[in-house]
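Beneath this line is the structure, given in structure tokens, with notes to follow.
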2 protein chains.
Amino acid sequence: MSDVRVLSATGRKPQRGRIDKRRAILNAAFAVFSRQGYAQACVNEIAAEAGVAKPTVYNHLTDKANLFRHAIEAAAATLTAEIMAAIERMADRGDDLRAMLEAVGHELLRCYCDERSWAMRRLLYAEVTRFPDLLDVLPVDGPGVTKALADRLARLCIAGHIRPTDPDQAAEQFISLLTGPVESRSRFGTRPVAEEELRDIARAAVDTFMRAYAASPQHG
Amino acid sequence: MSDVRVLSATGRKPQRGRIDKRRAILNAAFAVFSRQGYAQACVNEIAAEAGVAKPTVYNHLTDKANLFRHAIEAAAATLTAEIMAAIERMADRGDDLRAMLEAVGHELLRCYCDERSWAMRRLLYAEVTRFPDLLDVLPVDGPGVTKALADRLARLCIAGHIRPTDPDQAAEQFISLLTGPVESRSRFGTRPVAEEELRDIARAAVDTFMRAYAASPQHG
DNA sequence: ACTAACTTGAACCTACTGGTTCAAGTGCGC
DNA sequence: GCGCACTTGAACCAGTAGGTTCAAGTTAGT
């Protein structure tokens with residue numbers, strides 16, 4: 001996957017600054033792609049925003065397409081890490097199911113509404129025909145997070161806290177109940193959603209989810 | 001909204017062929033934009049696909065931007081009409097709530113999975129920053145359809161078939177339960193979803209919805 | 001038949017942008 | 001201090017595409 005020879009012919013190790021430059025380029029690339037979209041984004045501008053000369057960009061990442069790929073992947077890795085941390089936190093407070101689901105739901109929505117997150121979804125949605133494989137890196141509503149959530153739900157199922165069901169489907173629906181409403185209300189991320197509204201959406205989603213999936217009727 | 005003088009100085013009426021040309025242009029434009037995206041689409045190709053000379057395109061729709069706008073709006077009108085018809089059908093078979101919801105859900109998903117529908121969502125998602133106002137025309141998960149569905153649900157609520165709730169929220173969640181799973185499974189429309197799978201998703205959505213919203217526990 | 005509206009094809013202009021080249025420079029290990 | 005790897009800036013090339021112009025049709029009302 002790495003595009004550039006990091007070991008030269010003489011075995012000299014790459015300098016410290018090089019990797020910083022690469023990171024700067026990828027960050028700038030993601031920022032510019034986010035604002036302009038793939039086709040409209042201009043490599044010149046990316047180089048400028050990264051504080052780097054244009055040939056340096058082409059030295060690190062051969063193509064515009066490659067630049068896009070790696071920029072997306074890098075950004076997705078960051079975002080996904082944050083989300084996974086939120087899901088891991090589900091393990092802790094195991095007493096109150098509803099409170100726990102609301103907490104994790106709210107956390108997920110906060111990640112989902114992050115500016116970078118919207119930008120990433122916009123880019124992936126737009127360029128899915130040109131870069132079909134990139135879908136796998138999608139945060140929040142991507143396969144990775146859904147799977148992780150399904151695992152958690154499966155445990156809750158075994159523990160008898162939710163009724164017996166297909167955990168994959170339950171996770172899918174839980175995510176949908178969270179992200180769907182926020183999608184329309186925020187107009188694809190162009191209008192900021194108040195923190196309070198996010199809470200409400202998460203609460204409503206959990207309420208519906210509990211009514212449908214809770215083992216004992218504890219939604220009183 | 002119309003860009004071109006349809007009445008000339010002498011009051012001559014526009015020819016029959018003119019409107020046909022316009023329609024051909026808009027259709028071709030939507031097709032090409034769908035395939036290529038806004039920036040990558042080339043007006044030359046649109047003209048060619050419409051069987052029309054390039055200046056004719058600029059005669060009817062001044063700009064590339066305007067061309068995009070009108071192409072989207074025209075396509076959205078068509079799609080929305082189909083969907084509304086599906087929702088109207090909810091009025092009929094009023095006996096079996098579950099069957100009715102499954103039917104309309106399945107129908108909605110079929111519209112949602114139409115190739116044109118995917119293309120439209122891709123385009124809107126991608127260009128929402130450049131054309132923020134276009135979001136209002138979005139079919140299925142747009143404001144129009146959600147509102148119409150909410151109206152239906154409100155009636156069901158009054159009739160006592162579903163428990164007392166905010167119909168807007170219920171509609172929002174119903175749509176989310178339908179579209180969310182299909183979104184991830186079809187990889188943003190790049191992978192075809194089998195008819196049978198669509199049925200399953202609709203069934204699962206309705207099941208969860210009924211468990212959460214049905215007045216009497218009729219999900220036995 | 002006359003004329004105004006519209007269409008056509010092709011050439012044309014202009015701007016932009018992906019990508020390359022090159023000579024001069026810079027930092028760093030030895 | 002030497003030399004290698006990398007960076008830089010600027011010029012450069014080539015392809016592409018939005019938009020215009022123009023002369024030559026074509027259509028259809030009167």
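From a predicted model like this one, the values you see are computed outputs, not experimental measurements. Residue numbering restarts at 1 for every chain, and letters A, B, ... go by the order of the sequence lines.
Atom NZ in Lys21(A) sits roughly 17 Å away from atom P in dA5(D) (whole-Å rounding). The CG atom of Asn44(B) sits 12 Å away from the P atom of dA10(C) (whole-angstrom rounding). The separation between Gln40(B) atom CD and dT16(D) atom P is 12 Å, rounded to whole Å. Here the P atom of nucleotide dG19(D) and the CG atom of Leu67(B) are 10 Å apart, to the nearest Å. The CD-P distance, from Glu45(A) to dG19(C), rounds to 16 Å in whole Å. Atom CG of Asn59(A) and atom C1' of dT26(C) are 15 Å apart (whole Å). Between His60(B) atom NE2 and dG19(D) atom C1' the separation is 17 Å, expressed in whole Å. Rounding to whole angstrom units, CD1 of residue Ile46(A) and C1' of dC16(C) are separated by 15 Å.
Side-chain to base pairing of Lys54(A) with dG19(C): one donor and one acceptor N or O lie within less than 3.5 Å of each other.
Between its two ends, the helix from dA1(C)-dT30(D) to dC30(C)-dG1(D) turns its axis by 20°, counting five pairs per end and rounding to 10 degrees.
Using bins of under 30°, 30° to 60° and over 60° for the plane-to-plane angle, the ring pair Tyr38(A)/Phe33(A) lands in the parallel bin.
Using a 4.0 Å heavy-atom cutoff across all strands shown, Ala65(A) reaches no nucleic acid atom at all.
Geometric assessment of Arg121(B) against the ring of Phe188(A) yields a negative cation-pi assignment under the 6.0 Å and 45° thresholds.
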Return a table of donor-acceptor pairs under 3.5 angstrom between the side chains of residues 78-87 of chain B and protein atoms on other chains or two or more places apart.
{"unit_1": "Thr78(B)", "atom_1": "OG1", "unit_2": "Ala74(B)", "atom_2": "O", "d": "3.3"}
{"unit_1": "Thr80(B)", "atom_1": "OG1", "unit_2": "Ala76(B)", "atom_2": "O", "d": "2.8"}
{"unit_1": "Glu82(B)", "atom_1": "OE2", "unit_2": "Arg116(B)", "atom_2": "NH2", "d": "3.3"}

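In Arg130(B), the CZ atom is crowded: over 12 heavy atoms of neighbouring residues, nucleotides or ligands sit closer than 6.0 Å. Atom CZ of Arg185(A) sits in a crowded spot, with more than 12 heavy atoms from other residues, nucleotides or ligands closer than 6.0 Å.
An OP1 or OP2 oxygen of dT8(C) is reached within less than 4.0 angstrom by a side-chain nitrogen or oxygen of Thr56(B).
When distances run from any side-chain atom of Tyr58(A) to the nucleotides dG19(D), dT7(C), dG19(C), the shortest one goes to dG19(C). Set against dG9(C), dG18(C), dT7(D), the side chain of Cys42(A) has dG18(C) as its closest nucleotide.
Atom CD of residue Glu49(A) and atom SG of residue Cys42(A) lie 11.5 Å apart, to the nearest 0.5 angstrom.
Taking for each of Tyr38(A) and Pro55(A) the nucleotide of DNA chain C with the nearest heavy atom, the 5'-most of the two is the partner of Tyr38(A).
A donor-acceptor distance shorter than 3.5 angstrom exists from the side chain of Ser184(A) to the backbone of Pro181(A), with no hydrogens or angles considered.
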